[in-house]
Amino acid sequence: MIILQRPQTSHDRMRIFSGIQPTGTLHIGNYFGAIRNWVALQDDYDCIYSIVDYHAITAPFKPDKLRRRSHDLALDLLACGIDPERSTIFIQSAIPEHAELCWIFSAITSFGDLSRMTQFKEKSQETDFISAGLFIYPILQAADILLYRAQRVPVGEDQLQHLELSRRIARRFNSRFGDFFPEIEPIVGKGARIMSLANPSRKMSKSDGEAHYIGVMEDARSIHKKIRSAVTDIGPTPAQGMSEGVANLFQILELTGESDLYQEMQAEFVAGTLRYSNLKEIVFQTLMEVLAPIQKQRAQLAAEGQIEKILSAGAEKARVIAKENIRTIRRMVGLAV
RNA sequence: AGGCUCGUAGCUCAACUGGCAGAGCGUCCGACUCCAAAUCGGAAGGUUGGGGGUUCAAGUCCUCCCGGGCCUGCCA
């Protein structure tokens with residue numbers, strides 16, 4: 001029987017795990033697509049959020065940059081509203097149990113399953129050095145989630161296949177060694193996919209280049225310039241619908257929550273009187289209203305210099321759970337205890 | 001462990017028997033445009049993976065090192 005009641009204490013709240021790689025800076029696609037959801041989920045779930053540096057090293061990287069980016073990203077996340085009092089936030093490699101559970105899971109995951117992962121097939125074509133870690137990556141993801149026995153995982157569409165593998169791994173473990181892991185369910189975001197400004201047929205991504213994305217912490221002048229040079233079209237053509245680029249600008253406007261402005265602009269588009277230069281200016285203004293407070297908060301957090309402390313406190317909370325679970329897992333599997 | 005092969009601009013690649021390091025795409029600036037895109041005009045961009053050597057002259061030849069790919073062998 002399911003009791004339809006908001007869980008009151010952290011004890012009976014469902015647990016969420018989600019991770020983000022410390023590669024480059026946060027862009028507004030990350031923010032509206034994932035991080036803003038993370039922030040909202042804190043109200044109803046026991047959230048564990050991790051900066052997944054073990055994942056980041058599966059692609060070419062530089063050691064000094066990696067550590068700095070992990071810390072920078074932590075500041076970004078806190079600035080966006082992740083609350084270390086309510087949630088657990090830490091750097092993945094502070095808890096080596098992630099790697100250990102990954103290894104254990106690798107023993108019950110088939111080569112064939114991994115070979116079928118479309119993300120591996122795509123990513124392995126982009127780089128000349130294909131690390132074994134890149135191939136094993138989905139197993140580490142399963143370990144991340146299941147190490148904390150999380151029941152819910154906020155993910156994008158593109159991660160559903162990996163999540164399905166996590167479920168298979170959990171089931172296989174449970175049937176071979178005894179019930180331990182819960183069934184994982186995805187929480188799929190509202191599909192707020194922001195497209196590239198310079199090429200609106202592609203998803204916004206850092207790897208396409210500077211002109212393609214807007215950084216959450218980027219300065220206003222630079223953002224203004226990028227929005228102004230966003231691809232549009234020859235002019236409003238209500239009959240034929242909206243071009244991808246213009247739709248993308250509207251998408252951003254909608255995500256900022258300024259629904260009045262959004263309606264107004266939509267009406268102008270339908271009437272065929274919309275000036276894109278005007279739309280761009282409004283998108284810029286409203287977007288900055290969202291970003292400016294985050295940027296301000298970020299500056300303040302950086303000045304306070306407490307990030308190390310916050311991260312180690314987060315790691316401590318995570319460690320308690322991880323250690324306890326890994327002990328049980330070791331016992332179940334027959335490893336040294 | 002051995003054999004073969006590759007490494008040139010941010011990316012994809014070119015450069016003859018050794019003879020001034022180049023193109024396309026991307027980037028930046030300008031024109032055009034309500035703003036952009038496309039197009040046109042202009043510009044920047046390099047320790048040719050690294051060290052040593054041969055030569056009047058090395059991206060090119062020799063040598064060692066680093067890295068990638070393919071093949072064979074050995075151990076577990």
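Bear in mind that the values here come from a model prediction, so they are computed numbers and not experimental data. Labels below follow one simple rule: chain letters A, B, ... track the order of the sequence lines, proteins then strands, and each chain is numbered from 1.
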Problem - Sub-6.0 Å ring centroid separation between A:H98 and A:Y148 - result: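 Yes; A:Y148 has its ring centre under 6.0 Å from that of A:H98.
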Exercise for the section: Starting at the 5' end of nucleotides 34-41 of chain B, put B wherever the base has a protein heavy atom under 4.0 Å, S where only the sugar-phosphate does, and a dash everywhere else. Expected result: BBBS----
Pairing of [X] and [Y] as salt bridge, 4.0 angstrom limit:
X      : Y      : result
A:E157 : A:R193 : no
A:R228 : A:E281 : no
A:R167 : A:E164 : yes

Using whole Å, report how far [atom1] of [X] lies from [atom2] of [N].
X      : N     : atom1 : atom2 : answer
A:N199 : B:G26 : CG    : P     : 11 Å
A:D208 : B:U27 : CG    : P     : 11 Å
A:F129 : B:G7  : CZ    : C1'   : 16 Å

For nucleotides [N] and [M], find the distance between their [atom1] atoms and express it as a whole number of Å.
N     : M     : atom1 : value
B:U17 : B:U55 : C1'   : 16 Å
B:G73 : B:G2  : P     : 16 Å
B:U60 : B:G24 : P     : 26 Å
B:G68 : B:A36 : P     : 45 Å
B:G51 : B:A14 : C1'   : 27 Å
B:G26 : B:C11 : P     : 15 Å
B:G50 : B:G3  : P     : 25 Å
B:G19 : B:A15 : P     : 12 Å

Handout entry: Common cluster, A:V231/A:L274, ILVMFWY with side-chain heavy-atom separation under 4.5 Å
Key = no
Exercise for the section: Flag yes if A:L73 and A:Y213 sit in one hydrophobic cluster, no otherwise; membership is Ile, Leu, Val, Met, Phe, Trp, Tyr, and two members link when side-chain heavy atoms are under 4.5 Å apart. Expected result: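 Yes; A:Y213 is reachable from A:L73 via cluster members.
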Please say whether more than 12 non-hydrogen atoms of neighbouring residues, nucleotides or ligands are located less than 6.0 Å from [atom1] in [X].
X      : atom1 : answer
A:E324 : CD    : no
A:R202 : CZ    : no
A:E85  : CD    : no

Handout entry: Consecutive Watson-Crick or G-U pairs in runs of at least 3, all under 3.5 Å, in which RNA chain B is involved
Key =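 Stems (3+ consecutive pairs) listed as B:1-7 with B:66-72, B:10-13 with B:22-25, B:27-31 with B:39-43, B:49-53 with B:61-65.
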Practice task
Return yes if some donor-acceptor pair links the side-chain N/O of A:Q42 with the main-chain N/O of A:D83 below 3.5 Å, else return no.
Solution key: yes
Problem - Members of residues 243-250 of chain A that approach RNA chain B, where some heavy atom sits under 4.0 Å away - result: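 Within residues 243-250 of chain A, no residue comes under 4.0 Å of RNA chain B.
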Handout entry: Nearest-neighbour nucleotide for the A:K225 side chain, B:G68, B:U27, B:C29 considered
Key =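 Looking only at side-chain atoms, A:K225 lies closest to B:C29.
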Exercise for the section: To the nearest 0.5 Å, tell me how far A:S222 OG sits from A:K225 NZ. Expected result: 7.5 Å
Handout entry: Donor on one side chain, acceptor on other, A:Q92 and A:S50, under 3.5 Å
Key = no
Practice task
Could you check whether A:K226 gets within reach of a base, just the sugar-phosphate, or nothing at all, counting any heavy atom under 4.0 Å?
Solution key: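 Touches nothing.
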Practice task
Could you pick out which residue, A:I130 or A:E210, lies toward the 5' side of RNA chain B when each is mapped onto its nearest nucleotide?
Solution key: A:E210
